[in-house]
*Asks:* 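Got a structure here, written out as structure tokens. Questions coming.
Small disclaimer: the values here were computed from a predicted structure and weren't measured. Labels below follow one simple rule: chain letters A, B, ... track the order of the sequence lines, proteins then strands, and each chain is numbered from 1.
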Amino acid sequence: MNLFVFNSLSGEKELFKPIVEGRVGMYVCGPTVYYDAHLGNCRTFISFDVIYRYLMHLGYKVRYIRNITDVGHLLDDGEDRMMKGARLEQLQPMEVAQKYSNGFHDMMRLFNALPPSIEPRATGHIIEQIEMVADILKRGYAYEKNGSVYFDTLKFIKDGNPYGKLSGRIVEDLLSESRDDLKNQDEKNHPSDFALWIRASDEHIMRWNSPWSVGFPGWHLECSAMSTKYLGERFDIHGGGNDLKFPHHENEIAQNMGACGTAPANYWFHTNMLLLNSKKMSKSDGNTISPTELITGNSVHTSKAYSPMVWRFFTLQAHYRSTLDITDDSLQAAEKAYRRLMESMRILKNMQLDFAKESAAKDETISSLIAQMYQDMNDDFNVPKTLASVFELCTIINSVKDGHISAQSISELKWKELITHLEQFVFDIFGLKDENDNNDSNTIDQLMKLVIELRKTARENKDWSSSDKIRDVLKEAGIQLKDGKDGTEWMHVN
RNA sequence: GGUCGGGUGGCCGAGUGGCUAGGCUCAGCUCUGCAAAAGCUGCUACAGCGGUUCGAAUCCGCUCUCGACCUCCA
């Protein structure tokens, strides 16, 4: 089975073929840790988490690098993001970085995103970045001005390099459009040039020695340096949010080619934006919900709290290259769907029935749905489409449980296959967890057994007022009873 | 202004030139002491106008409209 992926470089779906067979090197641009991550960030990293998980499921040995940006990210007024965070909170820049890195990690754990293989920090790779600047200078694609070093986009373009290819920019436009602004560009030869190394002003506290000045690296440089260090000059996948395409990723490509003559990645993946009120969720303009606000329900945008797995499920319902708009209604729909899915997974795991010994009538349907799931995932990780098959399988599971489909119409072998594949998809690939696992507390389990037993007696005596009271009070306590053919079951509800 | 991507049923959200997306909601039915859950059935959509085609939501053109990027952003 072949995996096809959408490559931003070509704008087309391409057959995925790693450089080294059986191995994948993947670099994803991580967060800048000067402020709490918002849900838009989380969506991106959940998207790449599913990609990472699926690649591993296919048997690839994946080296997944996701950096942490803790220096070199300038604001409009030239202030470093880390320094701005530090100034506002009266902390050391490194305290700011640590604090928000911790918070970011907590969120990723909460949303069940696997940690990357390596999570390098920009400040931990100053030497590598300085070396890369030197390489670029040596090859003639950068120039020094007053202790700062800039990338020479004009020369890069003149030499026939593909500047603008990734972001679909037209070179002539890049060169001509901003000519009027030229006089306002202090040290740069050309407005489209960008900083590789920046000389630190006196009050700039994040600073390192370099051959050119005491200063700090430009924002784009860290990813070039760290991807090269851990994945080599050429690797398989480079990912990030759509909004990083230009200038960040474009400049990264330029830096890599400037330093070693090779474009870094064969495949570029870009995730689309999370919207709130039909507008891009963004830290800088305040249109955000934080993970904490979502989970606690403490937001003007939502009517109630939504659990981390509901959020994860919510993001799975849209393709990673589509925008996804947050609304309270759609979150509630996701919550119900998620619960239904988990309920079916529980049924699947626990059902003991007399399945057919030989292949049977429903086997074919189950097989084709499983095949469909792989087909859809192999089509550029189409998770929402895969989910459609998953829910069709849920209907089959529930029907078998309720006796609408006879266990004799499914072979034992096929049922086992169903369990294996569905659990792999739901838990291993989609990374969902059952938040309503009744086995997590033995005490409650014992108590519930007793209560259900007492209620059963009441029901046998047709003492409906007692049995209803038990059910109502439990409901208020967040436990839903469900009377079925084979006794009473219970589950947590919010 | 330039570049790019959208506009799908009550809501969210997939999608292929002809074949059921799926989830949620709503209505009816089955099951049930009543609930809840589950199953079944129904609610037959593709911004507008042209064109290509035996046939288009899917291809082309135009119009309207929304959004992203254009050196802060996942």
*Asks:* Whole-Å distance between B/A37 C1' and A/H404 NE2?
*Replies:*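 Atom-to-atom, A/H404 to B/A37, this comes out as 12 Å.
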
*Asks:* Looking only at the side chain of A/K482 (C-beta and beyond, no hydrogens), which of the listed nucleotides B/G33, B/C70, B/A37 gets closest?
*Replies:*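 Shortest atom-to-atom distance from the side chain points to B/A37.
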
*Asks:* Select from A/K279 and A/N382 the residue whose nearest nucleotide in RNA chain B is closer to the 5' end of that strand.
*Replies:*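 Result of the comparison: A/N382.
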
*Asks:* Kindly point out which of B/G39, B/A74, B/C34 is positioned nearest to the side chain of A/R459?
*Replies:*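 In terms of side-chain proximity for A/R459, the closest of B/G39, B/A74, B/C34 is B/C34.
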
*Asks:* To the nearest Å, how far apart are A/D380 CG and B/A14 P?
*Replies:* 12 Å

*Asks:* Counting side-chain heavy atoms from C-beta on, which of B/G2, B/G33, B/U71 comes nearest to A/R169?
*Replies:*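 Nearest to the side-chain atoms of A/R169, counting from C-beta on, is B/G2.
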
*Asks:* Nearest to the side chain of A/F246, which nucleotide is it out of B/A38, B/C69, B/A74?
*Replies:*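 Minimum distance to the A/F246 side chain belongs to B/C69.
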
*Asks:* I'd like the C1' distance from B/U30 over to B/A37, given in whole Å.
*Replies:* 14 Å

*Asks:* Is there side-chain contact between A/K385 and A/Q372, with at least one heavy-atom pair below 4.5 Å?
*Replies:* yes

*Asks:* Counting only side-chain nitrogens and oxygens, does A/K385 get under 4.0 Å of the OP1 or OP2 atom of B/G13?
*Replies:* no

*Asks:* A/D328 CG to B/C11 P: how many Å, rounded?
*Replies:*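 Interatomic distance, CG of A/D328 to P of B/C11: 16 Å.
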
*Asks:* Can you check the distance between B/A35 and B/A27, where both ends of the measurement are the P atom (answer in whole Å)?
*Replies:*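 Roughly 14 Å separates the two P atoms.
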
*Asks:* If we take the C1' atom in both B/G17 and B/U53, what is their distance in whole Å?
*Replies:*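 After rounding to an integer number of Å, I get 9 Å for this pair.
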
*Asks:* For A/I397 and B/A37, give me the distance from atom CD1 to atom P, rounded to whole Å.
*Replies:* 19 Å

*Asks:* Rounding to an integer number of angstrom, what distance separates B/A21 and B/U44 when you compare their P atoms?
*Replies:*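 These two P atoms come out 12 Å apart once rounded.
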
*Asks:* Rounded to the nearest angstrom, tell me the gap between atom NZ in A/K336 and atom P in B/G13.
*Replies:* 18 Å

*Asks:* Whether the A/R169 and A/S167 side chains hold a donor-acceptor pair (N or O, under 3.5 Å, no angle test) is what I'd like checked.
*Replies:*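 Yes, A/S167 and A/R169 have a side-chain donor paired with an acceptor closer than 3.5 Å.
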
*Asks:* So what's B/A21 paired with, Watson-Crick or G-U wobble, going by both distances under 3.5 Å?
*Replies:*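 Looking at the geometry, B/A21 pairs with no nucleotide.
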
*Asks:* Could you tell me the Watson-Crick or G-U partner of B/C64, where both distances fall under 3.5 Å? Say none if there is no partner.
*Replies:*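 Checking every strand shown, B/C64 finds its partner in B/G7, with both distances under 3.5 Å.
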
*Asks:* Tell me whether the OP1 or OP2 atom of B/C34 has a side-chain N or O from A/S467 closer than 4.0 Å.
*Replies:*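 So the side chain of A/S467 is outside the cut-off, no N or O lying under 4.0 Å from OP1 or OP2 of B/C34.
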
*Asks:* Nearest to the side chain of A/A318, heavy atoms from C-beta on, is which of B/A36, B/A74, B/A14?
*Replies:* B/A14

*Asks:* What nucleotide among B/G13, B/A74, B/A38 has an atom nearest to a side-chain atom of A/P384?
*Replies:* B/G13

*Asks:* Decide whether A/D328 and A/T302 meet the rule of one side-chain donor and one side-chain acceptor closer than 3.5 Å.
*Replies:*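 Looking only at side-chain atoms, A/T302 and A/D328 do not form any donor-acceptor pair under 3.5 Å.
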
*Asks:* Without decimals, in angstroms, what is the distance between A/L166 CG and B/C4 P?
*Replies:*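 These atoms are roughly 14 Å apart.
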
*Asks:* Kindly state whether the ring of A/F111 and the ring of A/F45 have centres lying under 6.0 angstrom apart.
*Replies:*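 Ring centroids of A/F111 and A/F45 are no less than 6.0 Å from each other.
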
*Asks:* Nearest to the A/P191 side chain among B/A68, B/U71, B/A35, which nucleotide is it?
*Replies:* B/U71

*Asks:* Given the C1' atoms of B/U25 and B/G42, what is the spacing between them in whole Å?
*Replies:* 14 Å

*Asks:* What is the distance, to the nearest angstrom, from the NE2 atom on A/H319 to the C1' atom on B/C12?
*Replies:*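 Taking atom C1' of B/C12 as the reference, NE2 of A/H319 is at 17 Å.
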
*Asks:* Say you pick atom C1' in B/G55 and the same atom in B/G51; how far apart are they, in whole Å?
*Replies:* 15 Å

*Asks:* Taking the same atom, C1', in B/G10 and in B/C46, what whole-Å distance lies between them?
*Replies:*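 It comes out at 15 Å once rounded to the nearest Å.
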
*Asks:* Considering just the side-chain nitrogens and oxygens of A/R340, establish if one lies under 4.0 Å of OP1 or OP2 belonging to B/G39.
*Replies:* yes

*Asks:* Taking atom C1' in both B/G13 and B/G22, compute the distance separating them and give it to the nearest angstrom.
*Replies:*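 The same atom, C1', in both gives a distance of 8 Å.
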
*Asks:* Please tell me which of A/N251 and A/E392 maps to the more 5' nucleotide of RNA chain B, matching each residue to the nucleotide holding its nearest heavy atom.
*Replies:* A/E392

*Asks:* Could you tell me if A/N272 and A/S322 have a donor-acceptor pair between their side chains, going purely by distance under 3.5 Å?
*Replies:*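 There is no such pair (donor and acceptor under 3.5 Å, judged by atom type) between the side chains of A/S322 and A/N272.
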
*Asks:* Will you find, in the side chains of A/Y100 and A/D70, an N or O donor that is under 3.5 Å from an N or O acceptor?
*Replies:*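 Note: A/Y100 and A/D70 side chains miss the donor-acceptor criterion.
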
*Asks:* Counting only side-chain N and O atoms of A/S282, is one of them less than 4.0 Å from OP1 or OP2 of B/A74?
*Replies:*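 Answer no for this pair, as no side-chain N or O of A/S282 is under 4.0 Å from OP1 or OP2.
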
*Asks:* Just say parallel, tilted or perpendicular for the rings of A/F391 and A/F313, cut-offs at 30° and 60°.
*Replies:* perpendicular

*Asks:* Report yes or no: is the ring centroid of A/W464 under 5.5 Å from the six-membered base ring centroid of B/G33, with the two planes under 30 degrees?
*Replies:*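 A/W464 vs B/G33: stacking yes.
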
*Asks:* Rounded to whole Å, please give me the gap between CG in A/N277 and P in B/C66.
*Replies:*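 These atoms are roughly 16 Å apart.
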
